[in-house]
Amino acid sequence: MAEHPARPCCLGWDFSTQQVKVVAVDAELNVFYEDSVNFDRDLLEYGTQGGVHVHEDGLTVTSPVLMWVQALDIILERMKASGFDFSQVLALSGAGQQHGSVYWKTGASGVLTSLSPDLLLHKQLQACFSIRDSPVWMDSSTTAQCRQLEAAVGGAQALSGLTGSRAYERFTGNQIAKIYQQNPEAYSHTERISLVSSFAASLFLGSYSPIDYSDGSGMNLLQIQDKVWSQVCLGACAPHLEEKLGSPVPSCSVVGAISSYYVQRYGFSPGCKVVAFTGDNPASLAGMRLEEGDIAVSLGTSDTLFLWLREPMPALEGHIFCNPVDARHYMALLCFKNGSLMREKIRDESASCSWSDFSEALQSTEMGNGGNLGFYFDVMEITPEIIGRHRFSAENQVSAFPRAVEIRALIEGQFMAKRIHAEALGYRVMPKTKILATGGASHNRDILQVLADVFGAPVYVTDTANSACVGSAYRAFQGLRGPSPSICQA
Ligand SMILES: O=C(CO)[C@@H](O)[C@H](O)CF
């Protein structure tokens, strides 16, 4: 086998909804290796669609936890077969789809700490989970538990002020409450509850990894200011929950050295460090190298805004998480369901299905659209909860606009809504603000010009395909540097 030159690196993992992915990043931050296992394509025996099972009630959505474990086995075996030099891995970190949860059965820690290097992980962990089908972020079956939690803390705004979000069905505390209420025996046989991120870190550690502040902010359980579990929220969800969760840690913490399983089976260095894993969106914020005052706008099927905040103002819309890069700061996520599908509908109706006609309409109309405003929600919007098309001239509400006015009204309305909701969460445009645009619509310069005009800031286009993985590798390097008193300790 040709000798590869030594190339010290960090690995970044992403345990996402549809796949497990890994990148290797060298000291110059170049990605020189990547691989992925797609659950639907490569693990047919689990029968998932989009990596999940949607249950008959149409609300419950789960993923088989052993599928995630087996995907990791496949990637590691492929890396080994390709001659990847694991001894050069200085540290690793990773991301997981947010809000999903893993339930380790009583006694599982004994298996995790004594893994045999002669066997694959999924063969050894078969009996380690009290819940074999983990609830994931697409689940919306816990509305009753959401109302119970909000009532326990004094309402939706009170919960948002405490944990960064009002109660959401996908948030982990509500999922745990449902399992406790509907499957108390499984809950009583659970010794540890992980997020997908800390579950993945546990596989590498060979012991239970703590939950990090940033992903823990997506549970409706963590007090985001004090960075401790909220006793009133824990108590409202399930008994003895704090001991099952363990104590949360700063996101850039080194949580331990890699398990001897990987040293003996794959040739990792015994000194390889494991840095706390976090949620996919916090990891993406790191991967996009966002700084204070910056915004990342993902213009896809739904539009997602990533904000870096110093002084958050928790609201009933959007989510505030502890910042994964600087524990003194925060990040916010705003999701808008009426994104590209809405833009495509108006393109078809008012620009003859042509993006070039759409662009010409934006070029032929002035910023401010002569005082005409439009808000377009053909599906029930998340932010805020509203549906329908609403048009206003400078004088009053109207039922239609000329074609070119309609197009500018759509785009200006979408971006003004983003700025208004961002500022409601405490975001402020700063002189150094950069806007990073990604996703389909970021290929249209005329749409980006409106984005720049609305925010009064320069717009840069970025590719975020690997952002969660690459961000995780960056965070592994950050963890290696050791806790900077200012930014790693809250
Ligand atoms: O629910 C979400 C964020 O709150 C999603 O972006 C998941 O993190 C996707 F995995």
Side-chain angles (χ1 to χ4, degrees), residues 13-21 36 38-39 48-52 54 59 61-63 65 67-68 71 94-102 134-142 146 159-160 163-175 194-200 211-222 224 251 277-288 296-307 312 314-324 330-337 339 382-383 421 425 438-439 464-469 471-472:
W13 296 88
D14 184 15
F15 284 67
S16 71
T17 312
Q18 301 189 20
Q19 61 183 1
V20 172
K21 194 166 189 174
S36 64
N38 177 282
F39 304 130
T48 56
Q49 286 191 321
V52 302
V54 178
L59 300 173
V61 183
T62 61
S63 289
V65 59
M67 177 180 74
W68 297 333
Q97 54 176 298
Q98 287 190 262
H99 318 302
S101 45
V102 173
S134 285
V136 293
W137 67 278
M138 295 165 66
D139 184 286
S140 55
S141 65
T142 60
C146 288
L159 183 63
S160 180
T163 68
S165 300
R166 66 174 170 81
Y168 284 88
E169 281 74 4
R170 67 186 190 279
F171 277 44
T172 323
N174 306 302
Q175 294 291 335
S194 299
L195 292 175
V196 174
S197 56
S198 55
F199 147 79
I211 290 170
D212 79 297
Y213 292 159
S214 200
D215 207 15
S217 310
M219 301 172 77
N220 277 151
L221 295 176
L222 187 76
I224 58 170
S251 302
F277 284 34
T278 190
D280 57 345
N281 293 297
S284 288
L285 180 124
M288 291 185 282
V297 186
S298 174
L299 297 169
T301 305
S302 59
D303 290 347
T304 304
L305 232 57
F306 294 73
L307 307 166
L316 294 180
E317 313 297 349
H319 314 291
I320 290 174
F321 305 131
C322 298
N323 191 293
Y330 297 85
M331 68 170 282
L333 210 55
L334 275 165
C335 301
F336 300 85
K337 205 163 185 180
I382 297 173
T383 310
H421 285 290
L425 289 176
T438 185
T464 58
N466 276 349
S467 61
C469 270
S472 297

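Numbering of ligands and ligand atoms starts at 1, following listing order.
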Contact check, side chains of Phe306 and Leu333, non-hydrogen atoms, under 4.5 Å: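 Touching, per the 4.5 Å side-chain cut-off.
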
Side chain proximity check, Asn466 to Lys21, heavy atoms < 4.5 angstrom: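 Yes. Closest side-chain heavy atoms under 4.5 Å.
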
One pair per line, please: each N/O atom of ligand 1 matched with every protein N/O atom under 3.5 Å away, atom names first, then the distance to 0.1 Å.
unit_1   : atom_1 : unit_2 : atom_2 : d
ligand 1 : 1 (O)  : His99  : NE2    : 3.2
ligand 1 : 1 (O)  : Arg170 : NE     : 2.8
ligand 1 : 4 (O)  : His99  : NE2    : 2.7
ligand 1 : 4 (O)  : Arg170 : NE     : 3.4
ligand 1 : 4 (O)  : Arg170 : NH2    : 2.9
ligand 1 : 6 (O)  : Asn281 : ND2    : 2.9
ligand 1 : 8 (O)  : Gln98  : N      : 3.2
ligand 1 : 8 (O)  : Asp280 : OD1    : 2.8
ligand 1 : 8 (O)  : Asp280 : OD2    : 3.4
ligand 1 : 8 (O)  : Asn281 : ND2    : 3.2

Chi angles and distances behind the side-chain contact (heavy atoms from CB on, under 4.5 Å) call for Val136, Thr17: CA-CA 8 Å; Val136 293; Thr17 312; 5.8 Å; no

Donor on one side chain, acceptor on other, Asp280 and Ser16, under 3.5 Å: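 No, because no side-chain N or O of Asp280 sits under 3.5 Å from a partner of the opposite role on Ser16.
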
Phe15 and Phe277 aromatic ring geometry - parallel, tilted or perpendicular at 30°/60° bounds: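 Answer is tilted, since the angle falls between 30° and 60°.
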
Plane angle bin for Phe321 and His99 - parallel if under 30°, tilted between 30 and 60°, otherwise perpendicular: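 Tilted, since the angle between the ring planes falls between 30° and 60°.
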
